[in-house]
Amino acid sequence: MKFWLFKSEPETWSWKDHCAVGVEPWDGVRNYQARNFMKEMSIGDLGFFYQSVKNPQIKGVVKIVKTYYPDPKDTRFGMVDLEAIETFLNPVTLKEMKKDSFLENLLLFRQSRLSVMPIPTNCWKHIVQLGNVDTNVKK
DNA sequence: GCCAACGTTGGC
DNA sequence: GCCAACGTTGGC
């Protein structure tokens, strides 16, 4: 099983929006590197929902429930379906992560414009602990 | 609101 | 195939 991170601006698509619908296709990715990561995803893999631009922070956890399929609007690109499964009671801010020596090599810092990326397993576990997960996303 | 980083487009 | 111009992302 692998771990990932997905970025979204809250004004475009927020964590609240995602929790309200449950499962949602992660479409609109128009970057080949990000697309290639999506092609590597398997059902059951987990990802962080990262809120970018406005108060950048990780809001919760999503699960890949459908593997990569092409976007009918542009078949060079595609999407995966993500289900919101856990909310962070304590969202983990970018600032906090940058200060954390445990996380210093994250792609998140090195390639700030990449919207989908892998997260190493040890970093994943560390961030989940910081986030203090609540499994009741509908609350 | 500014600006750095970086991906894409198009002229040559 | 190179590179300047331009557009977009995202941190601050």
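A note on names: the letters A, B, ... follow the listed sequences, proteins ahead of strands, and every chain is numbered from 1.
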From the set C:dC12, C:dG10, C:dT8, return the single nucleotide nearest to any side-chain atom of A:K98.
C:dC12
Of C:dG11, B:dC6, C:dG10, the nucleotide closest to the side chain of A:S115 is C:dG10
Atom-pair distance (CD on A:E9; P on C:dG10), nearest Å:
7 Å
When you get a sec, tell me which of C:dG10, B:dG7, C:dT8 is the closest nucleotide to the side chain of A:V53?
C:dG10
Matching residue for A:D81 among A:W26, A:Y69, A:Y68 - test: side-chain hydrogen bond (donor to acceptor under 3.5 Å, both in side chains):
A:Y69
Classify A:K54 by what it touches in the nucleic acid, base, sugar-phosphate, or nothing, heavy-atom distance under 4.0 Å.
nothing
Contact class for A:Y50 (heavy atom, under 4.0 Å): base, sugar-phosphate, or nothing?
sugar-phosphate
How are the rings of A:H18 and A:W13 set relative to one another: parallel (under 30°), tilted (30 to 60°) or perpendicular (over 60°)?
perpendicular
Hey, is the side chain of A:Y32 poking within less than 4.0 Å of OP1 or OP2 on B:dC6, counting only N and O atoms?
no
Can you tell me if A:K7 touches the phosphate of C:dG10, counting only side-chain N or O atoms and a distance under 4.0 Å to OP1 or OP2?
yes
Identify whether NZ of Lys or CZ of Arg in A:K59 sits under 6.0 Å from the centre of the six-membered ring of A:F49 and within 45° of that ring's axis.
no
With nearest nucleotides of DNA chain B determined for A:S112 and A:R30 from heavy-atom distances, which residue corresponds to the more 5′ nucleotide?
A:S112
Rounded distance (Å) that lies between atom P of C:dC12 and atom CD of A:Q57:
13 Å
